[in-house]
Amino acid sequence: MADVPQFVDHETTLDTPRPVRSTPRATPRVMPVETAEPRRRFLATLDTPVLAVTGLLLAIGLMMVYSTTFDWSYQVYGDPATIFMRHLRNVGVAVVFFVLLALIDYRVWRRVAVLLLLLTIGALVAVLLFGDDTLLDARRALVNGSLQPGELAELTIVIYLAAWLGSRRTQVRSIAYGLIPFAVLVGLLAGLVLLQPDISTAATIVAVAGIMFFLAGGDLAQLGVAAVIVGVVGLLYITQSGPDYAQGRLSSYLSGAADLTQADDHIQQAIKAFSNGGWTGVGLGQGRQKFERLPAPHTDSIFAVIGEELGILGASLVVLLYTVLVVRGLQIARRAPDSFGSLLAAGLTIWIAVKALLNIAVMTAIVPPTGASLPFISFGGSSLVVVMAGVGLMLSVARVRLLQNTPRRPVTERSQTVANSDLGGRHRRPRVSGARRRRSVNPAGSER
Amino acid sequence: MAVQPTLNQQEMFNRRLSLVVIGMVVVSGLLLLRMISFQQLAPEVLNELSPDYNRTVRLAAARGIIYDRTGQRLAVNTLEYQIGVSPILVSDRQRTATQLASILNLDELKVYEAISSDQSWVLLAPRVNAEIGQQIEQMKLDLELPSVTIEKIPRRSYPQGTLAAQILGFVGGDLEGYYGIEGYYQDQLAGLSVNSVVSSIPFEQTDTQEAGRGGDIYLTIDRDVQYLVESELALSVAETGAKGGSIIVMNPRTGDILAMASWPSFDPNAYLSVENQGDWSNPAISGQYEPGSVFKLLTVAAALDKGTITPDWTYNDQGRLPVGGIVVENWDRAAHGLVDTAGVLVQSLNVGAATISMAMGPNDFYNELSQFGIGRLTGINLEGESAGTLYTPGDPNWSESNLGTNSFGQGVAVTPLQMITAVAAIANDGLMMQPNVVQKISINGQEILSQRVPLGRPISAQVARQVRDMMVAVVRDGLDDAAQLPGYTVAGKTGTAEIPTPVGYRSDAWIMSFIGFLPADDPQVIVFIKLDEPRGRWASQVVAPLFRRLAERLVILLEIPPDDVRRALESQGGIVKGAVGG
C-alpha cells in the first residue's frame with residue numbers, strides 16, 4: 001500500500017477500497033487524517049443524483065416540519081422553533097451516520113451482519129420487556145422513547161438478507177435451504193415487531209424481504225404461495241388477535257373504500273387536505289388541516305400537509321424525488337461490485353420506496369391507516385437516522401464500484417482486490433454464507 | 001460449469017430489478033392519480049368531509065353572589081385548579097412524579113403509574129384549591145414541565161357550609177344551577193354568557209368578548225335564624241329519633257321566609273357526596289304529607305267564612321260519625337258530648353271537623369280549601385315545589401268519605417310550605433301572602449325589589465281573628481302550656497297525622513307537626529315544625545315543646561318584645577317593629 005498522499009490519489013488509505021482482509025479484524029476501519037484534498041474527493045465519489053435527491057427531500061422535510069410544528073411548539077414550549085430545532089438536531093445526527101456509512105466499505109457489513117441481526121433481535125426483545133409504552137397502546141421505544149428498535153430492524157433485515165441471499169445463490173430456489181430459513185428469519189423479526197405491536201413496520205419488513213427474495217432469484221411459485229400465506233395470516237392476526245385499533249381501522253377502511261365520507265376521520269382529513277390544496281397548494285405554512293384536524297401532522301400525516309400547502313405539484317415533486325431515488329438506487333444495485341452489494345443497494349432502495357409508498361398510500365386511502373413515517377421528511381429521530389444510514393450504505397456500494405473502476409488502476413490489481421475481498425469474506429464470515437460454489441466472481445462484471 | 005448459473009442469476013436479478021422499478025413507478029403514478037382524483041370530489045362529498053375550523057365556546061359570566069337578608073355571603077365564586085399531565089411529554093418520570101406527588105399530597109407510586117400510562121392525558125387532581133394550584137404553576141415554570149397541565153375551573157363555594165343548602169341548591173359541573181335559588185334563578189345568576197367563536201387556526205383567532213356578570217341575589221333568609229332553626233331541627237331529630245323533619249319560619253305579614261330547613265340535608269360544596277340524591281331536594285316545599293289535625297284550622301276557618309257555623313255553634317259529639325261508608329272517630333275514640341267551635345280545635349275532634357265539613361257540603365268546602373291554596377303551587381321562588389294532592393268531587397279518586405276525612409287532614413297531601421302559607425292567612429287577618437325567599441336582585445347596579453304578592457283572601461279579617469283566638473285557646477287549654485312561651489300569647493295547632501301506605505294507615509309511626517305564630521294579636525312570625533316518625537304518640541307531647549324551645553330563642557333573634565313591653569311601648573305611641581317587621 002502506498003502511503004504517499006501527494007502521489008497516488010486512488011491508493012490513499014482513505015479512498016481505496018482495500019481488501020477487507022487487509023484490515024486487522026479487531027481494528028475497525030478508521031478514517032485517516034484528512035486533508036482538504038481528500039475531503040473534496042470524498043464528496044466527488046458520492047453518487048450525485050442520490051445526494052441531490054436526499055438533500056432536497058431533507059430540505060422539504062425541514063420546511064414541512066417547521067410548518068406543522070410551530071404552533072404546537074409555541075403552545076407547549078413558548079417558542080415556535082423548539083420542535084423544529086429538535087428535528088434539525090436529528091437531521092444533523094442522521095447526516096453523521098450517512099457520512100460514516102458512505103465512508104465505510106459496505107462489505108464490512110457482510111461480516112457483521114449476524115452480529116447486527118443478534119443485536120437487533122436483542123433490542124426487539126428488550127423493548128418488549130422494558131420498553132416505554134408511551135406510544136398509543138404499543139411498546140415501541142427504548143430510552144425514554146428516543147430509540148425505536150423497529151426502525152433498526154428494517155435496516156438490519158435488508159443488510160442480513162443481502163448477505164444471506166447473496167451467499168445462497170441457486171439454493172435460493174430450494175425450499176429447504178432457501179424459502180424455509182428465509183421465512184423463519186423474516187417471520188421472527190416481523191413477529192417480534194408485531195408483538196409491540198407495530199403493524200406498519202412488520203408489513204414493511206415482510207414486503208421488503210419478499211421483494212429481495214424475488215430479486216435474488218426466488219422461485220415465483222414459492223413466492224406466490226408465501227404471499228398468500230402471509231396475506232391470510234396477516235388478515236387473521238388483524239381480525240382475531242391484533243390490537244383493537246387495528247380492527248377498527250380495517251373496518252373503517254373497508255367502509256371508506258366504497259364511500260370516502262365513511263372513511264376513518266384521519267383519512268377524511270387527509271383527503272380534505274389534498275382537496276384544499278388543489279394543483280398549486282394554499283402556500284407554504286398556510287395549511288389549515290394541520291391544526292387540530294390531521295393527527296400527527298409532523299410525522300404520519302406530513303404528506304397530506306404537503307398536498308395541502310404545496311398542492312398536487314409539490315406532492316408530485318416529492319413522489320418524483322422518491323422515484324429518482326428508486327431508479328438511481330436500483331441502477332447502483334445493478335452495477336454493484338458483488339452480489340452482496342447488488343442485493344444490499346436494491347434492498348435499501350426498495351425499503352425506502354416501500355416506506356414512502358406505504359405512507360402515501362395511507363394518506364390517499366388506498367391502504368388502511370397505519371402509522372408509517374415518510375422517509376427523509378417526517379419528524380422522528382430513529383426513522384431519519386436509519387433511513388439516512390441506509391442511503392449512506394447505498395452510496396458506499398456506488399462509491400466502491402466507482403473507485404474500483406478508476407482507469408488508473410491495473411485490471412489485474414482490481415480483480416486481485418476483489419478476489420481477496422471475497423476470499424477473506426468467506427473465511428471470516430462464519431455463519432452467514434452457506435456453501436459457495438464459485439470462487440470469486442464479480443457479479444457486476446457481467447455488465448461491463 | 002460454475003459460472004453459468006451465476007450469470008443466469010445475474011440476468012434474472014437484472015430482469016427482475018427492471019420489473020421492480022416498473023412496479024414502483026406504476027404504483028407511484030397510481031398514487032398521484034389518486035391524489036388528483038381528490039380534486040374532482042363531488043361537492044356533497046366535500047361538504048361531508050369539510051371540517052368546521054371554528055367552534056363556539058361559551059364564556060360563562062361570573063355568577064352572581066347570593067346573600068342573606070343582612071348581606072352575609074351564602075354563595076360565592078372561587079377558582080379551583082385541575083391538574084393533569086400528558087404522559088407523552090414527560091421527560092423525567094421519576095422526578096416529575098416526586099414533585100407532583102409532594103405538592104398534590106398524592107401517593108408517589110400512583111402518580112408515577114399515572115404519568116407512565118399510555119393515555120394522551122391523565123387527570124391527577126380534579127380539584128385543588130388556589131394555593132396548591134399556584135404552587136403547581138410555579139413548579140411548572142421553574143422546572144420547565146410542559147407535560148403538566150393546569151386548568152382553572154370556576155367553582156361555586158358556599159362559605160356557610162351546609163347552612164341553607166336546600167334553599168340555595170348548588171351549581172353542577174356544567175356550571176348550571178340546580179335546585180333552590182341556584183336552579184330557580186339560574187338565568188339571573190348566570191348572567192349573559194357570551195358565545196365566542198374560536199378558530200383552530202392560530203392566525204384566525206377572533207377577539208373574544210367579555211361576558212356580563214350575573215346578578216346578585218339578596219335572600220329574605222336570615223343567616224342567624226336559619227342557623228338556629230337548623231340546629232334546633234338537628235337537635236329535635238336526635239332527641240326524638242325522627243327519620244326527618246322540616247322547620248319553616250315565615251313573616252305572615254309579608255310572606256318572607258326567614259328560615260327553612262329540612263333534615264337530612266347536604267353540603268352544597270360537596271353535593272356529589274350525598275348518599276341519596278333525593279337529599280338535594282327541599283322537602284319543605286316538595287315533600288307531601290298528610291297534615292292531620294292542623295288541617296282542622298282550615299276547615300273551621302272555611303266554615304266560619306261561609307257562615308256554615310259561627311263561633312257559638314255547637315254539636316253533640318257522639319264519638320262516631322258515618323261518612324260515605326266509613327266511620328269517623330275521635331283520636332281518643334271517645335264521645336265528647338256538647339262541643340262548640342273552639343272545642344273542635346282545642347280537643348282536636350275529628351268528629352267535629354267532619355260534622356262541619358259535612359254541613360258545608362263538598363262545593364263550599366273544596367272551594368274554600370282551594371282558596372287556601374291546597375292542591376296548588378304557592379309559586380315560591382325556589383325550584384322544585386310540588387302542589388300536593390287534593391282530590392275534589394269529579395275526580396275518580398274522590399269519594400264522599402273524603403269530605404269527612406279531609407276535614408281533619410286525612411286523604412289530602414300538602415307540603416309544609418302550603419300548610420304554613422294557608423295558616424299564615426289566619427295570622428295575617430285573612431290575607432294570604434305568597435311565600436318568598438328573595439328580597440332583591442341586583443343586576444348591573446340596578447336593584448329589583450321583590451314584590452309582596454297576596455295570593456288571595458280566603459277568609460275575612462273577622463273570621464281570621466276568630467280562628468286566631470281559638471288557636472290561642474288551643475295552646476292555652478289544649479296543650480297544657482307545652483307550646484306556651486311565657487310573656488307572649490301564642491296561637492297554634494298540632495297535628496298528629498297517620499302515615500298512609502298502600503294497604504292502609506300505619507299504626508306504629510306518625511308525622512307530627514305544629515304550626516304556631518306570635519304574638520297572637522299582632523303576628524310577626526309564624527313557625528311550622530314537622531317531625532317524621534318521632535318517638536312518642538302525640539304531637540302535643542313531642543312537637544309542641546320543640547316549638548316552645550325554638551320560639552324562646554327566636555323572639556330574641558327577631559327582637560320581638562314580650563306582650564306587656566310591646567303594649568306599654570304602643571300605649572306610649574312608640575311603634576315597635578321587630579327585625580321582620582314591614
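Lettering follows sequence order; numbering is per chain, from 1.
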Participant: Does any backbone or side-chain atom of B:Leu32 lie under 4.5 Å from a heavy atom of chain A? Answer side chain, backbone, both or neither.
Facilitator: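 Side chain only.
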
Participant: To check you understand the geometry: which heavy-atom pair defines the closest contact between B:Thr149 and B:Ser86, and what is its length?
Facilitator: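 Reported closest heavy-atom pair: CG2-OG, 4.0 Å.
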
Participant: Hey, are the side chains of B:Tyr158 and B:Val171 touching, using non-hydrogen atoms and a 4.5 Å cut-off?
Facilitator: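 Side chain of B:Tyr158 against side chain of B:Val171, heavy atoms only: contact under 4.5 Å found.
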
Participant: If only side-chain N and O atoms count, and only distance matters, is there a donor-acceptor pair under 3.5 Å linking B:Gln188 with B:Arg63?
Facilitator: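 Checked: B:Arg63/B:Gln188 side chains show no N/O donor-acceptor pair below 3.5 Å.
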
Participant: Can you tell me which of A:Leu320, A:Val354, A:Leu220, A:Val326 forms the most heavy-atom pairs within a distance under 4.5 Å of chain B?
Facilitator: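 Top option by heavy-atom pairs under 4.5 Å: A:Leu220.
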
Participant: Side chain, backbone, both or neither: which part of A:Thr323 has a non-hydrogen atom closer than 4.5 Å to chain B?
Facilitator: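 The side chain, not the backbone.
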
Participant: Which residues pass the side chain to side chain contact (heavy atoms under 4.5 Å, CB included) test with B:Leu17, not counting sequence neighbours?
Facilitator: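 By the side chain to side chain contact (heavy atoms under 4.5 Å, CB included) rule, B:Leu17 matches A:Leu215, A:Leu330, A:Ala333, A:Arg334, A:Ala346, B:Phe13.
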
Participant: Under a 4.5 Å cutoff for heavy-atom pairs, which residue among A:Ala361, A:Ala356, A:Ser275 has the most contacts with chain B?
Facilitator: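 Option with the top pair count is A:Ser275.
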
Participant: With a 4.5 angstrom heavy-atom cut-off, is it the side chain or the backbone of B:Leu19 that approaches chain A, or both, or neither?
Facilitator: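 Answer is side chain: those atoms of B:Leu19 sit under 4.5 Å from chain A.
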
Participant: Taking every heavy-atom pair that is under 4.5 Å apart, which of A:Val327, A:Asn276, A:Ile211, A:Val319 has the most such pairs with chain B?
Facilitator: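 Of the options given, most contacts go to A:Val319.
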
Participant: Are A:Lys272 and A:Glu308 within salt-bridge range, i.e. N to O under 4.0 Å?
Facilitator: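 Salt bridge: no.
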
Participant: For B:Ser37, is it the side chain, the backbone, both, or neither that has a heavy atom closer than 4.5 Å to a heavy atom of chain A?
Facilitator: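 For B:Ser37, there is no contact with chain A at all, as no heavy atom is under 4.5 Å.
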
Participant: Just to verify, what does A:Lys355 make a salt bridge (Lys or Arg N to Asp or Glu O under 4.0 Å) with, not counting sequence neighbours?
Facilitator: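 A:Lys355: salt bridge (Lys or Arg N to Asp or Glu O under 4.0 Å) contacts with A:Glu151, A:Glu154.
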
